[in-house]
Trainee: 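Before we start, here is the structure in question, set down as structure tokens.
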Amino acid sequence: MYGMELVREGQNRYRLKRSGNMRVDGFVYVNEYLLPLVRRDKSLEQLANAASLPGVVERVCGMPDIHEGFGLPIGGVMATAADGVISAGAVGMDINCGVRLLATNIMAKELKIPFLRRLIERIEEYVPTGVGKKGKHKAITGEIFEEVVHTGSRGIVKRGYGRPEDLGRTEEEGCLSGADLGAVSGEAYKRGAVQLGTLGGGNHFIELQVVEEVYDPAAGKLFGLEPGVLTVMIHTGSRGFGHQICVDYSKSLLPAARKYGIELPDRGLACAPADSKEGRDYYAAMACAVNFAFANRQLITHDVRCAFGDIFGCSPEELGLDLIYDVAHNIAKWEVHGGRKVLVHRKGATRALPPGHPGNPAVYRRTGHPVLIPGSMGTASYVLTGTGAAAETFYSANHGAGRTLSRTAAMKEISREQFEASMGGVLYNSRNYKELLDEAPGAYKDIDQVVETLAAINLTRKVARLLPLAVIKGKD
DNA sequence: ATGTTC
């Protein structure tokens with residue numbers, strides 16, 4: 001359909017030149033290791049498709065962890081003007097899939113392997129994991145769910161599941177405004193109302209980690225990250241609730257696009273003008289799922305703190321377990337870029353505001369907020385900060401390692417020996433390695449390469465590298 | 001990602 005011509009624009013940056021119906025160019029950020037990977041699937045074609053949508057501004061961006069998705073590639077950023085479109089497929093199935101990181105005041109080397117195992121077993125007693133699981137908190141009723149989709153983390157913290165300071169350490173303070181449950185289908189309501197406080201499956205996890213290296217001691221100190229410290233990373237999203245909202249609106253935005261005379265390059269990019277009834281409805285429903293996901297991670301944080309308190313035999317407060325930050329990886333948000341208000345769709349991309357930007361929480365104004373990048377199970381994760389130079393990506397960074405094998409390919413191609421070797425002794429909760437093969441480190445790109453690609457050209461700054469000790473994955 | 005082939 002398009003030539004997919006990539007022109008090198010200096011180190012690690014390639015321009016996807018405008019052709020066909022594209023309204024803007026694309027920037028794709030890859031190094032020598034990642035460049036061949038980006039051509040193995042339909043990522044570039046999907047990026048070009050997004051660049052053809054009405055109202056798209058400046059450029060579409062492909063992060064180093066880019067891979068083929070539904071509509072927009074995962075690792076894609078698209079910003080649209082106030083008179084442009086909003087697209088459900090450009091946010092993704094798992095709305096506000098995201099990550100939060102807790103810092104303890106415990107030195108990881110003090111913990112023996114049997115103790116770590118007891119810790120993850122106790123966390124699993126609190127947090128249901130796996131596809132289709134329902135929440136355990138009897139007090140979290142349908143009524144609370146209805147409030148939470150409008151108030152996000154706030155509705156959870158005010159009931160005692162968290163600390164007031166957690167809110168200021170969450171993107172959007174844990175609540176995206178404009179949510180309206182009236183825009184959500186009965187089906188989505190039914191699936192979501194019972195899933196608060198559940199981890200889910202796929203790439204979601206709770207991981208115990210140790211700070212291996214700190215690159216920026218000043219930022220590290222502010223974040224509570226010093227070498228040897230035990231951290232907890234929580235990666236989950238809006239579960240069946242966000243999934244159903246994406247499915248519902250990907251369908252209903254098809255006739256809407258026709259109605260407004262929008263030529264769709266791909267059904268996966270079904271969209272409507274952001275300022276239309278259909279577009280506003282999607283935004284209102286998406287915001288419900290965003291708030292659900294913030295609340296979900298908040299409730300799980302509470303459960304993790306309880307589990308630590310149980311196993312250490314003290315109050316969780318004595319162990320630190322402070323929230324460092326919580327970031328969204330799949331979201332569309334109104335932001336000001338280049339002096340105008342645009343709707344930034346980030347799908348598998350992390351907001352990365354620069355130091356001094358007023359959108360940072362007060363506590364992180366000087367450094368820029370922490371940018372949390374989970375690696376695959378068994379491999380390192382990173383904490384970064386944004387830079388002023390990243391204005392060209394609408395202040396966005398990559399969101400993880402990014403897949404290199406599909407789930408089915410990974411199940412078929414990775415042997416038990418390869419799996420165990422790649423895990424390097426990291427504890428995991430599953431009794432059967434086969435349940436985890438689709439998430440094996442070998443199914444993902446090299447996280448160090450992905451992170452270095454943006455850091456090398458000053459689009460991010462590395463703060464710390466974290467190594468996994470024990471991981472809880474969703475399983476049946 | 002997902003009541004994973006509603």
Trainee: What I want to check is whether the side chains of A:Tyr444 and A:Arg403 have a donor and an acceptor closer together than 3.5 Å.
Mentor: yes
Trainee: To the nearest Å, how far apart are A:Lys473 NZ and B:dT2 C1'?
Mentor: 15 Å
Trainee: What is the distance, to the nearest angstrom, from the NE2 atom on A:His204 to the P atom on B:dT2?
Mentor: 5 Å
Trainee: Regarding A:Asp248 and A:Gln244, do their side chains bring together a donor and an acceptor under 3.5 Å, going by distance alone?
Mentor: yes
Trainee: Nearest whole angstrom, please: distance from the C1' of B:dT4 to the CG of A:Leu437.
Mentor: 16 Å
Trainee: Nearest whole angstrom, please: distance from the C1' of B:dT5 to the NE2 of A:His243.
Mentor: 13 Å
Trainee: Measure the distance from NZ on A:Lys190 to C1' on B:dC6 and round it to the nearest whole Å.
Mentor: 11 Å
Trainee: Hey, is A:Glu171 close enough to A:Arg100 for a salt bridge, meaning N to O under 4.0 Å?
Mentor: no
Trainee: Base, sugar-phosphate, or nothing for A:Gly201, non-hydrogen atoms under 4.0 angstrom?
Mentor: sugar-phosphate
Trainee: Please report, rounded to the nearest Å, how far the C1' atom of B:dC6 is from the CD1 atom of A:Ile245.
Mentor: 17 Å
Trainee: Can you tell me the distance, in whole Å, between the CD atom of A:Glu187 and the C1' atom of B:dC6?
Mentor: 8 Å
Trainee: What's the CD-P distance between A:Gln244 and B:dT4, to the nearest Å?
Mentor: 11 Å
Trainee: Between A:Asp65 and A:His399, do the side chains contain a donor N or O and an acceptor N or O under 3.5 Å apart?
Mentor: yes
Trainee: Within the pair A:Arg407 and B:dT4, is there a side-chain N or O less than 4.0 Å away from OP1 or OP2?
Mentor: no
